[in-house]
A.B. asks: 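First, the structure itself, so that you have it in front of you.
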Amino acid sequence: MIPTDTPAPRFLLEHGKDLFPGLPIVFCAADTEYVAGRSLPSNVTGVDAKRDFARTLEVMQTIDPDLRHVTLVVGAGSMDRAWEAYAQSELQTHSSKVEFTWLRGLPLPELTRAVGSLPPGSAVLYLVQFADMYGTPYVPRAVAAAVSEAASAPVYGTWDTLIGSGITGGWLATMEEASIVAGSIAARVLTGSAPSTIRPQPWPSHLRRQATRAVEDLRTTVARRQPRSLL
């Protein structure tokens, strides 16, 4: 059984060789940093994924040039902490322009209260929440929906799977397109190529969708209530 705070691609990379001895494994959307730091088993290949927090911040600043405060939401599980480390690394050079506030591992009732009274010039960047500080598991998309519903400012993310949960947008990784790339790798394996001969494919940069809207339109929407998805 896959732990609730461990995404399936990472779990397969760590345990797939033992769970499925001799069978080819093609993963989709395993962390780029995680894949780069490992020697993959000979039966494993796939598509890695990198969340682009810096470009998402650029989207947020494009939509609202008066943005001064960014509240980052992240869980307390092992994978949550890894995402936090990636985000901190990417965003540290922007700290002179934007004030960052971290909400780490808050239980959902506390989290929704915290994002409900943000100051003017604010936005929320939702990273992920698989678990809170007490170990309570969550479905990340459900947390995004609850945060978007409660927040007094726009909420952004980095995955297109969050569209429809209430986020405004972001520099979004497109799961559908990544799945097509993974499927093409699987087809090569099924027609005789050994996984060891296929290098893991990086997530192509053109498979991102940038969500922006007119600043004045956004301000009007925020004044009425939390903006819904742009895409």
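Being a predicted model, the structure only gives us computed values, none of them experimental.
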A.B. asks: When rounded to the nearest 0.5 angstrom, what distance separates OG1 in T161 from CZ in R141?
C.D. replies: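 That separation rounds to 7.0 Å.
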A.B. asks: Closer than 3.5 angstrom, by distance alone: can the side chain of R81 be matched with the main-chain N or O of V74 as a donor-acceptor pair?
C.D. replies: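 No.
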A.B. asks: Using only atom types and a distance under 3.5 Å, with no angle test, would you say the side chain of S42 pairs donor to acceptor with the backbone of S196?
C.D. replies: no
A.B. asks: Grab the two heavy atoms, one from V26 and one from A182, that are nearest each other, plus how far apart they are.
C.D. replies: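 Smallest interatomic distance, heavy atoms only, reads CG1-O, 3.7 Å.
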A.B. asks: So among I63, D64, T56, which one has a side chain to side chain contact (heavy atoms under 4.5 Å, CB included) with M60?
C.D. replies: T56
A.B. asks: Rounded to the nearest 0.5 Å, what's the gap from CD1 on I25 to OG1 on T45? Could you check?
C.D. replies: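 Spacing of CD1 (I25) from OG1 (T45) equals 11.0 Å.
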A.B. asks: Under 3.5 Å, side chain of S184 to main-chain N/O of V181, donor-acceptor pair present?
C.D. replies: yes
A.B. asks: Side chain of E90, backbone of Q88: donor and acceptor closer than 3.5 Å?
C.D. replies: no
A.B. asks: Applying the 4.5 Å side-chain criterion to the ILVMFWY set and letting contacts propagate, would L23 and F27 be lumped into a single cluster?
C.D. replies: yes
A.B. asks: For a 4.5 angstrom cut-off between non-hydrogen side-chain atoms, does V98 reach Q61?
C.D. replies: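 SC-SC contact between V98 and Q61 confirmed.
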A.B. asks: Pairs in or reaching into residues 93-121: which pass salt bridge (charged side-chain N to carboxylate O under 4.0 Å, His left out), with residues at least two apart or in two chains?
C.D. replies: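 Found E84-R104.
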A.B. asks: Membership question, hydrophobic clusters at under 4.5 Å side-chain separation (ILVMFWY): are L111 and M133 in the same one?
C.D. replies: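 Yes, one cluster joins them.
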A.B. asks: Looking only at heavy atoms, which two atoms of P195 and P24 are closest? And how far apart?
C.D. replies: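 Closest approach of P195 to P24, heavy atoms only: CG-CB, 3.8 Å.
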A.B. asks: Side chains of residues 119-132: which donor-acceptor partners sit under 3.5 Å, not counting sequence neighbours?
C.D. replies:
from	atom 1	to	atom 2	distance (Å)
S122	OG	P119	O	2.5
Y126	OH	Q129	N	3.1
Y126	OH	P140	O	2.7
Q129	NE2	L106	O	3.0
D132	OD1	Y134	N	2.8
D132	OD1	G135	N	3.1
D132	OD1	T136	N	3.0
D132	OD2	T136	OG1	3.4
D132	OD2	Y138	OH	3.0

A.B. asks: Would a hydrophobic clustering, with Ile, Leu, Val, Met, Phe, Trp and Tyr connected at side-chain separations under 4.5 Å, put V139 with W159?
C.D. replies: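 In one cluster: no.
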A.B. asks: Taking the side chain as every heavy atom from C-beta outward, state whether L91 and L72 have any atom pair closer than 4.5 Å.
C.D. replies: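 They are in side-chain contact.
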A.B. asks: For the atom pair CG (L162) and OG1 (T168), what is the distance rounded to the nearest 0.5 Å?
C.D. replies: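 Reported value, rounded in 0.5 Å steps: 11.5 Å.
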A.B. asks: Residues two or more places apart in sequence or in another chain: which of them pass side-chain contact (heavy atoms from CB on, under 4.5 Å) with S193?
C.D. replies: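 For S193, the residues satisfying side-chain contact (heavy atoms from CB on, under 4.5 Å) (neighbours in sequence not counted) are R188, T197, I198.
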A.B. asks: Between atom OG1 of T158 and atom OH of Y86, what is the distance when rounded to the nearest 0.5 Å?
C.D. replies: 12.5 Å
A.B. asks: Are W102 and V70 grouped together when hydrophobic residues (ILVMFWY) are joined by side-chain heavy atoms under 4.5 angstrom apart?
C.D. replies: yes
A.B. asks: Rounded to the nearest 0.5 Å, what separation is found between the CD1 atom of I185 and the CG atom of L190?
C.D. replies: 12.0 Å
